2 protein chains.
Amino acid sequence: MSALTNAIEILRCFSSARPDLSFADVMALTGKPKSSTSRLLRSLRDCGLLEQDPHTRRYRPGLLTFELGRLHRAHDDLISMAERELREVCARTGHTGYIAVLDGYEQVVLRIVPGSNPLRVVNPPGQRTPALATSNGRAMLARLSDEDIRARVPSTYPKLPRNSPQNFKQAMARLDEIRRTGLSEAADESIEGVGSQGFALKSGETGEMIGIAVSYSVQATTVAERANVRRELTAMAAKLRRLTGDQLDPVITRAQAGTR
Amino acid sequence: MSALTNAIEILRCFSSARPDLSFADVMALTGKPKSSTSRLLRSLRDCGLLEQDPHTRRYRPGLLTFELGRLHRAHDDLISMAERELREVCARTGHTGYIAVLDGYEQVVLRIVPGSNPLRVVNPPGQRTPALATSNGRAMLARLSDEDIRARVPSTYPKLPRNSPQNFKQAMARLDEIRRTGLSEAADESIEGVGSQGFALKSGETGEMIGIAVSYSVQATTVAERANVRRELTAMAAKLRRLTGDQLDPVITRAQAGTR
DNA sequence: ACGTCAGTTCCAAAATTCGGAACCATGTCC
DNA sequence: GGACATGGTTCCGAATTTTGGAACTGACGT
């Protein structure tokens with residue numbers, strides 16, 4: 001195992017659930033001996049990837065990670081274009097907008113557009129969630145080939161919230177529905193009482209794919225309002241697909257043909 | 001040189017001025033041979049610290065850096081308390097607020113509070129600037145011992161903007177002034193036409209230090225308005241010092257005594 | 001006084017990295 | 001079509017690092 005692999009193993013121990021770790025935590029999480037942990041933690045601290053609270057002695061991500069994190073996709077055309085459009089939809093509807101990317105079978109929130117209806121933001125940027133449990137996560141998965149999806153979902157199907165697909169077959173059924181309708185919907189999944197609608201956008205130029213979703217309180221919205229969100233999203237999707245040269249893959253055409 | 005050191009050397013090549021790099025760029029910037037660069041770049045990409053544009057083949061910070069970056073000081077009490085107060089001052093005055101930390105002889109912007117007077121934000125979070133060229137940078141330096149300051153400033157004094165101190169002696173004179181008045185001021189330095197006032201806050205509990213500043217257009221503000229900002233900042237400083245147990249160090253008393 | 005946490009230091013064995021050279025795949029220019 | 005540039009990959013022996021168990025340190029807590 002290379003030093004870099006070990007370093008990454010330590011860095012991956014940090015998450016929004018565990019934003020700082022003690023020496024013992026790191027040892028337990030990585031299973032590495034004391035001396036190795038000591039050396040590595042020191043290197044990471046010295047280079048700025050981690051910092052250490054002088055009082056509690058706990059470690060947390062450092063200034064360098066902050067600086068680099070700010071650089072990530074800072075000049076990404078696809079994202080800024082999508083964000084601009086999403087901002088307008090959120091301003092009109094008052095709901096909260098999300099932009100996310102797919103990583104394995106999880107999605108990571110990249111951008112949030114807070115709505116005027118103050119729905120507490122529980123998914124800040126950087127948040128990682130199983131893609132099958134969110135509307136835009138499923139929208140992104142739906143644009144992959146069936147083999148690719150199968151390869152991404154862990155062999156032991158993960159335990160997902162109540163209203164998310166509970167096994168691979170249910171998941172594929174929902175993805176097929178998204179392929180048919182072009183829009184993905186969720187309600188009462190990761191967060192109780194919260195619903196969302198989303199779609200996936202794939203740049204024709206770079207092949208880069210992002211998920212775009214609008215989120216709202218299920219209780220506080222009417223059926224009509226949700227239909228309005230659907231119209232807004234469909235219009236935004238059409239516009240963005242035109243601007244980015246996103247042609248819905250032949251995969252979808254095949255899937256449609258198969259299910260008809 | 002360890003693999004980690006090399007990895008960091010590559011990561012440090014990225015900055016807001018150079019948010020993505022080609023293979024050749026990395027080779028030139030690190031001076032490493034082709035094979036080493038290839039191996040390392042691949043490792044960094046595979047572990048998610050970098051990603052590669054499939055079209056242009058250029059490298060940029062990856063998803064993992066984004067996730068970790070979001071975790072950096074996410075639950076930092078000193079910063080959230082300061083941000084809360086700064087938000088109020090910015091709402092009252094309409095100016096833009098900054099929170100930064102010191103790293104060596106540079107400062108890094110951590111948080112921005114946009115003002116209502118839309119002054120284009122040229123210093124986004126993550127931005128690195130010589131501390132001697134900003135108001136809160138100098139405010140933070142002023143709270144260090146003279147030896148510490150001397151150790152941080154490079155032996156060949158850096159080329160700073162017109163109105164910043166042009167040599168070590170001038171710099172120390174400005175820091176001494178900050179030590180006397182407790183407030184730091186800047187005008188037409190890093191950015192032409194922009195002025196700012198700031199101070200440094202140091203937690204009595206953790207020893208952590210941050211710089212807090214308010215920034216405005218010099219042309220668009222009157223002397224009276226700048227005096228108002230001074231009053232606001234002085235009041236905020238007093239309140240935050242009380243809340244965080246920040247006692248202005250004896251160093252300052254000594255400096256005061258020395259200059260009197 | 002005793003235990004715990006958080007490290008550090010040492011050392012020889014084991015594993016990784018290093019870098020030059022050769023090779024290769026694309027894309028562009030003439 | 002051929003030459004050249006960019007952006008890599010692969011190979012291999014030598015050189016350098018990393019590894020992990022064990023012993024030791026130092027600050028707190030009770």
Side-chain angles (χ1 to χ4, degrees), chain A residues 1-14 18-62 71 73 75-76 203-208 245, chain B residues 1-14 18-62 64 71 73 75 203-208 245:
Chain A
M1 248 197 188
S2 73
L4 185 58
T5 315
N6 288 317
I8 296 300
E9 199 185 350
I10 291 186
L11 292 180
R12 285 203 187 276
C13 294
F14 294 89
R18 286 202 227 88
D20 63 348
L21 298 170
S22 71
F23 186 93
D25 291 339
V26 175
M27 267 185 68
L29 287 164
T30 61
K32 292 271 174 251
K34 217 178 182 186
S35 53
S36 307
T37 306
S38 171
R39 265 192 308 260
L40 217 35
L41 238 24
R42 190 193 345 196
S43 307
L44 288 168
R45 167 159 46 86
D46 290 350
C47 74
L49 244 24
L50 293 182
E51 41 183 59
Q52 189 175 23
D53 186 305
H55 185 59
T56 66
R57 320 240 68 205
R58 293 173 74 82
Y59 297 86
R60 58 180 183 225
L71 256 33
R73 303 206 190 184
H75 301 283
D76 188 303
S203 163
E205 208 180 333
T206 67
E208 182 186 2
Chain B
M1 247 197 189
S2 73
L4 185 59
T5 315
N6 288 316
I8 297 300
E9 199 185 349
I10 290 186
L11 292 179
R12 284 203 187 276
C13 294
F14 294 88
R18 283 202 229 90
D20 63 348
L21 297 171
S22 71
F23 188 94
D25 291 340
V26 175
M27 267 184 66
L29 287 165
T30 61
K32 292 274 174 245
K34 220 176 178 187
S35 54
S36 307
T37 307
S38 173
R39 264 192 310 261
L40 217 34
L41 238 22
R42 193 200 335 207
S43 308
L44 288 168
R45 166 159 46 86
D46 290 350
C47 74
L49 243 26
L50 293 183
E51 38 184 60
Q52 189 175 20
D53 186 306
H55 184 59
T56 67
R57 321 240 67 204
R58 294 173 73 82
Y59 297 87
R60 58 181 182 223
L64 180 58
L71 257 34
R73 303 206 191 184
H75 301 282
S203 163
E205 208 179 333
T206 67
E208 183 187 1

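It should be emphasised that the depicted structure is a prediction, and the values quoted were computed from it without experimental measurement. Proteins come first, then strands; the chains are lettered A, B, ... in the order of their sequence lines, and each starts at number 1.
The nearest whole Å value for the distance from the CG atom in A:L40 to the C1' atom in D:dT17 is 13 Å.
Considering only the side chain of B:P33, C:dG19 comes nearest among D:dT18, D:dG7, C:dG19. Taking only side-chain atoms of B:S38, from C-beta outward, the nucleotide of D:dT10, D:dT19, D:dG7 with the closest atom is D:dT10. In this structure, the nucleotide among C:dT9, D:dT10, D:dG7 sitting nearest to the side chain of B:S22 is D:dG7. For B:R39, counting side-chain heavy atoms from C-beta on, the closest listed nucleotide (C:dG19, C:dT16, D:dG21) is C:dG19. Here the nucleotide nearest the side chain of B:R45, chosen from D:dG21, C:dA6, D:dT9, is D:dT9.
A:Q52 has a side-chain polar atom (N or O) that falls below the 4.0 Å cut-off from OP1 or OP2 of C:dG7. Within the 4.0 Å cut-off from OP1 or OP2 of D:dG8, at least one side-chain nitrogen or oxygen of B:R57 is found.
Side-chain atoms of B:S43 and B:D46 form no donor-acceptor pair, as typed in the model, at a separation below 3.5 Å.
Tested against B:D25 for a salt bridge (charged side-chain N to carboxylate O under 4.0 Å, His left out), the candidates B:R58, B:R60, B:R57, B:R18 yield a single pass: B:R58.
For D:dG20, the base has a donor-acceptor partner in the side chain of A:S35 [N/O atoms by modelled type, under 3.5 angstrom]. Side-chain to base pairing of B:K34 with D:dG8: one donor and one acceptor N or O lie within less than 3.5 Å of each other.
Residues B:Y59 and B:R45 have side chains in contact (heavy-atom distance under 4.5 Å, counting atoms from C-beta outward).
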